[in-house]
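What you see is a predicted model, and the numbers here were worked out from it, not measured in a lab. Order of appearance sets the numbers: ligands from 1, and atoms from 1 within every ligand.
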Amino acid sequence: MDFYDKDLVSIRDLDREKIEYILDLSKKMVPYARGEKVKRALDGKILGNLFFEPSTRTKLSFESAAHRLGCDVIDVSEMSMTSISKGENLADTIRMVDAYCDAIVLRHPYEGAARLAADVSENPVINAGDGAGSHPTQTLLDLFTMREAKGSLDGLNVVLVGDLKYGRTVHSLAEALTMFGVRLTLVAPESLQMPQDIVDRLRNKGCNPKKTTVLEDAIPQADVLYVTRIQKERFPDPAEYQKIAGTYRIDNSILRSAKSDMIVMHPLPRVNEIATEVDSTPHARYFQQAFNGVPVRMAILCSIMGGKIDD
Ligand code: CP
């Protein structure tokens, strides 16, 4: 499968066959991700981890994935700690990091930053979230989590709820799910619905998502309830955020109408969207989902940086 030395900027860089290859390899990576088996498939390589926006899961799971594979990591967590604070532009910063490592992982507050980085970097660039744009490695771990729970992605009934406008994880995920004939329901306040250009792309790929503001109507048919945080940091007006915060909250009472095997996912961090009482129900899958970031990112790093896992 042709991943070696390639960028991963958008989920649109991948087709179904490539996605399934990564999901299959991720499954093989689980015992390595847990430390039950050891293989230094990327010994001698260096990963550059640039996180110019806060992150717990993506940054640390990429680091964990790299270390599990014997790959060294150089990293920056704040723009203020780089020469960007002296006026250096992103392109020159990327050229410099490119000279010091074998692949770059970039999180950036601006949509399009990962594409720019990929254009100037000789080594591959992996988008770890660009503003309200997309988050393709999150999508791969989301798909892995769904497939592990449900056995197959084909024909699932998936409900996306919350901030579908600014939530980049749902942008990538919705597009990927169209490759698997998934039925999609989009639950959001009118002002936070999925951007029309993405809905148009879903329709062009044969998926006609249902849109609603009423979460209760969507839950009984759902196989997967994918909950997102209202992205406070992306609202131009804090008063608009206050009007919408708390619109949807998943608790045990709302889950009474769910199928017994329906899973609740969330890319995390959560604020108040999922009550902690849900954590101990069989529906909760979000902490497993966060762990899955390690084997999935091991599969991505191995494929892009040229590591081999044979068993
Ligand atoms: N899911 C996710 O991207 O989490 P972080 O912002 O903590 O990386």
R107 charged N/C atom sitting above F51 aromatic ring, 6.0 Å / 45°
no

With side chains defined as the heavy atoms from C-beta onward, is the minimum distance between Y226 and L173 less than 4.5 Å? yes

* **Flag side-chain contact, heavy atom, 4.5 Å: H266 against R229** => yes

If you draw a 6.0 Å radius around CD in Q196, do more than 12 non-hydrogen atoms from other residues or ligands fall strictly inside? yes

Using heavy atoms and a strict 4.0 Å limit, residues surrounding ligand 1 turn out to be S55, T56, R57, T58, R107, H135, Q138, P267, L268

Take the angle between the ring planes of F3 and Y21 and call it parallel below 30°, perpendicular above 60°, tilted in between. parallel

By salt bridge (Lys or Arg N to Asp or Glu O under 4.0 Å), R203 pairs with (sequence neighbours left out) none

